[in-house]
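One-based numbering along the sequence shown.
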Amino acid sequence: MPSQKIETNHQDVVHNLAMDNYGKRVTIASSDLSIKITGASNSASQYLATLTGHQGPGNQNEWTQVHVFSDHKSSVNSIAWAPHELGLCLACGSSDGNILIFVAKLDGGWDTLRIDKARLLGVTFVSWALSTALDALVGFGLLNPIQKLCFGGCDNTVKVWKLYEGNWKVDCFPALHMHIDWVRDVAWAPNLGLPKSTIASASKYWESKVLNEFKTTIWRVSRSLAINLLTVVDGNNNVTLLREAVDGEWQQVTTIEP
């Protein structure tokens with residue numbers, strides 16, 4: 001298509017434009033608070049419509065308090081907005097062991113759903129499932145999105161709950177108990193309609209291991225990013241290379257003496 005000049009008829013700076021999938025119409029946005037739609041062809045352009053109603057941006061960096069949720073009886077440790085297809089929903093986990101889900105109503109109010117005593121020892125983090133029903137792959141899943149939450153807590157476990165007909169119920173029994181300390185964070189991976197779910201959880205756990213005994217002071221260690229190779233510089237001016245084997249054990253490869 002040869003280049004073509006389009007008269008936008010805007011009264012101020014043009015900031016953005018988008019063309020439809022067929023290359024027949026161009027939508028143009030401007031600082032004059034309007035959006036104009038123009039038809040485009042190989043020979044000429046034709047004005048089609050003007051969309052108005054915008055009043056410009058609000059005051060920059062100014063926030064207004066909309067609502068305060070004060071239902072928890074102890075510290076609120078984690079909050080998470082639900083995926084957009086579930087509407088405006090906010091899940092809150094607290095040290096009181098409860099999870100509250102606040103759902104925005106059309107009249108501006110909020111409904112409150114409770115998962116009481118979700119954990120007797122307190123909730124540290126909550127995460128929404130981003131998955132939808134399996135038929136989402138063919139376009140019907142968004143009609144009945146699945147609502148699931150996972151949360152970690154001070155009892156060292158990860159628990160999963162699901163909304164069944166307006167009530168939240170345990171969806172994973174027994175709870176996922178792999179950590180030996182508090183679960184400090186959880187994150188639910190999107191699965192795009194696949195028949196499985198993946199949850200990452202984080203906890204405080206360290207394990208020490210002696211890789212090699214040296215007869216003098218160790219000054220520097222450096223690990224290779226390409227392979228499992230560790231470089232050690234000691235007080236005798238030697239450089240020692242250690243490599244991690246398949247079984248997880250570290251072996252001395254060589255020592256470079258001065």
Side-chain angles (χ1 to χ4, degrees), residues 61 74-84 90-95 97 99 118-132 136-137 146 148-161 171-258:
N61 298 326
S74 188
S75 64
V76 177
N77 300 325
S78 178
I79 59 175
W81 289 107
H84 68 87
L90 181 67
C92 305
S94 170
S95 293
I99 291 179
R119 326 194 75 96
L120 296 179
L121 298 180
V123 178
T124 57
F125 216 91
V126 297
S127 179
W128 287 89
L130 301 182
S131 59
T132 55
L137 294 178
I146 295 175
K148 284 187 180 183
L149 276 171
C150 70
F151 42 92
C154 303
D155 59 359
N156 310 343
T157 66
V158 175
K159 295 183 179 180
V160 181
W161 288 61
D171 192 60
C172 180
F173 186 83
L176 307 176
H177 197 163
M178 301 295 292
H179 292 290
I180 61 173
D181 198 12
W182 292 9
V183 179
R184 286 166 166 78
D185 199 355
V186 288
W188 204 311
N191 64 20
L192 302 178
L194 298 177
K196 69 174 183 178
S197 295
T198 302
I199 298 171
S201 59
S203 179
K204 177 184 177 183
Y205 178 70
W206 293 88
E207 180 181 359
S208 63
K209 185 176 184 179
V210 177
L211 303 186
N212 197 61
E213 293 282 355
F214 290 86
K215 304 301 182 182
T216 185
T217 304
I218 302 299
W219 289 103
R220 294 287 184 272
V221 292
S222 177
R223 185 159 184 169
S224 169
L225 298 179
I227 57 177
N228 291 334
L229 196 65
L230 194 67
T231 305
V232 182
V233 179
D234 64 34
N236 291 329
N237 299 328
N238 297 327
V239 178
T240 302
L241 300 182
L242 304 175
R243 192 200 316 257
E244 186 180 17
V246 176
D247 59 2
E249 296 297 322
W250 287 80
Q251 303 170 349
Q252 181 173 323
V253 177
T254 185
T255 296
I256 304 174
E257 300 180 353

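Legend: salt bridge (Lys or Arg N to Asp or Glu O under 4.0 Å) pairs involving residues 171-180, not counting sequence neighbours, sorted by first then second residue: Lys148-Asp171.
Two residues are said to be in side-chain contact when any heavy atoms from C-beta on lie closer than 4.5 Å; Leu229 and Leu242 fail this criterion. Under the 4.5 Å side-chain criterion, counting only non-hydrogen atoms from C-beta, Phe125 is not in contact with Asn77. Inter-residue side-chain proximity for Val123 and Ser94 is flagged as unmet; no heavy-atom pair is nearer than 4.5 Å.
Judged as a side chain to side chain contact (heavy atoms under 4.5 Å, CB included), and not counting sequence neighbours, the contacts of Thr217 are Trp219. Applying the side chain to side chain contact (heavy atoms under 4.5 Å, CB included) test to Glu244 and every residue at least two apart in sequence or in another chain returns Arg223, Asn228, Trp250. Here Thr255 pairs with Asn238, Thr240, Gln252, Glu257 under the side chain to side chain contact (heavy atoms under 4.5 Å, CB included) rule; sequence neighbours left out. Considering only residues two or more places apart in sequence or on other chains, Ser127 meets the side-chain hydrogen bond (donor to acceptor under 3.5 Å, both in side chains) condition with none of them. With sequence neighbours left out, Glu213 forms a salt bridge (Lys or Arg N to Asp or Glu O under 4.0 Å) with no residue at all. Here Trp81 pairs with Leu88, Leu90, Trp110 under the side chain to side chain contact (heavy atoms under 4.5 Å, CB included) rule; sequence neighbours left out. Thr216 pairs by the side-chain hydrogen bond (donor to acceptor under 3.5 Å, both in side chains) definition with nothing, not counting sequence neighbours.
Checking side-chain atoms of Thr231 against main-chain N and O of Leu241 turns up no donor-acceptor pair under 3.5 Å.
Across every non-hydrogen atom of Val126 and Ala91, the tightest pair is CG2-O, 4.0 Å. Smallest separation of non-hydrogen atoms from Cys150 and Val158: CB-CG1, 4.4 Å. Across every non-hydrogen atom of Ile99 and Gly93, the tightest pair is CG1-CA, 4.3 Å.
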Could you check Val232 against Ile218 for side chain to side chain contact (heavy atoms under 4.5 Å, CB included), going step by step and ending with a plain yes or no? CA-CA 7 Å; Val232 182; Ile218 302 299; 3.7 Å; yes
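Using modelled atom types and a 3.5 Å distance limit, the side chains of Ser75 and Ser95 yield a donor-acceptor pair.
The number of heavy-atom neighbours closer than 6.0 Å to CD1 of Ile79, taken from other residues, nucleotides and ligands shown, is 12 or below.
Considering NZ of Lys159 and CG of Leu149, their distance stands at 14.0 Å, rounded to 0.5 Å.
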